[in-house]
Amino acid sequence: MKYWLLKSEPDAYSYSDLESAPNQRTLWDGVRNYQAAKLLKNEMQVGDLAFFYHSSCKVPAVVALCRITRTGITDPTSLDPQSRYYDPKSSAEQPRWITVEVAADAPLPRAVSLKELKQQPELQDMVLLNNGRLSVQPVSPQQWQFILQLAHNSSH
DNA sequence: GCCAACGTTGGC
DNA sequence: GCCAACGTTGGC
């Protein structure tokens, strides 16, 4: 099983939006950064776990856990001429953008802020801290466990 | 609102 | 294929 971090701007789509979605699930569509799209298409597997990260907001932070429930899904926005993510080179027969379905799992006992993550020597290699713009990124098992421990540590 | 970091585009 | 110009992301 692999671990991931999924970024979303809470003003656009927050974790509570995911919790109130049908079946608490959504398609992670509209990702057009090639590196991020490649992970969605080729690397994610059903059962993988992901942190839900709130970006571009007052307190950027890891706020919740979710999981990958379906893979290999054609990104519907790429086929919709009305969408800002429409890609005329993509078609149902030969889709160019493949994504996954994500289900809410649980909020973390407390959110772990970017500021706090930056203070941890154990996390200095985290992609989030080295390529802040990548919206879908891998998390190592060590990083995953460490952040979970931080979230369960109520001394903050 | 600023700006650094990064990605994309397009002329050559 | 290089690289300047431009656009976007996202923290602060």
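Side chains included, hydrogens not; waters and symmetry mates left out as well; all remaining heavy atoms used.
Within the 4.0 Å cut-off from OP1 or OP2 of C/dG11, not a single side-chain nitrogen or oxygen of A/K7 is found.
Residues passing the salt bridge (Lys or Arg N to Asp or Glu O under 4.0 Å) test with A/R67 are A/D105, sequence neighbours excluded. Residues satisfying the salt bridge (Lys or Arg N to Asp or Glu O under 4.0 Å) criterion with A/D87, sequence neighbours excluded, are A/R96.
The interatomic distance linking A/H54 (NE2) with C/dG10 (C1') rounds to 15 Å, in whole Å. We find that CG of A/L129 is positioned 20 Å from P of C/dT9, with the value rounded to whole Å. Straight-line distance from the CG atom of A/N131 to the P atom of C/dG10: 9 Å, rounded to whole Å. Between A/L6 atom CG and C/dT9 atom P the separation is 16 Å, expressed in whole Å. Rounded to whole angstrom, the span from the CD atom of A/E9 across to the C1' atom of C/dG11 amounts to 12 Å. Here C/dT9 presents its P atom at 13 Å from CG of A/L134, a figure rounded to the nearest Å. Going from atom CG of A/D11 over to atom C1' of C/dG10 covers 13 Å, rounded to whole Å.
Clustering of Ile, Leu, Val, Met, Phe, Trp and Tyr by side-chain heavy atoms under 4.5 Å joins A/I98 with none of the others.
Applying the side-chain hydrogen bond (donor to acceptor under 3.5 Å, both in side chains) test to residues at least two apart or on different chains, the pairs with a partner in residues 18-27 of chain A are A/R25-A/E101.
A donor-acceptor pair under 3.5 Å links the side-chain atoms of A/Q143 to the main chain of A/S140, judged by distance alone.
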Produce the list of close N/O pairs, under 3.5 Å, pairing protein atoms with atoms of nucleotides 5-8 of chain C; give distances to one decimal.
from  : atom 1 : to     : atom 2 : distance (Å)
C/dT8 : O2     : A/R133 : NH1    : 2.6

Under 3.5 Å donor-acceptor pairs involving side-chain atoms of residues 5-12 of chain A, not counting sequence neighbours:
from : atom 1 : to     : atom 2 : distance (Å)
A/K7 : NZ     : A/G132 : O      : 2.1
A/K7 : NZ     : A/L134 : O      : 3.2
A/S8 : OG     : A/Y13  : O      : 2.6

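Across all strands shown, A/K118 has heavy atoms under 4.0 Å from sugar-phosphate atoms exclusively, and none from any base. Among the atoms of the strands shown, only primed sugar atoms or phosphate atoms (P, OP1, OP2) are found under 4.0 Å from some heavy atom of A/S55.
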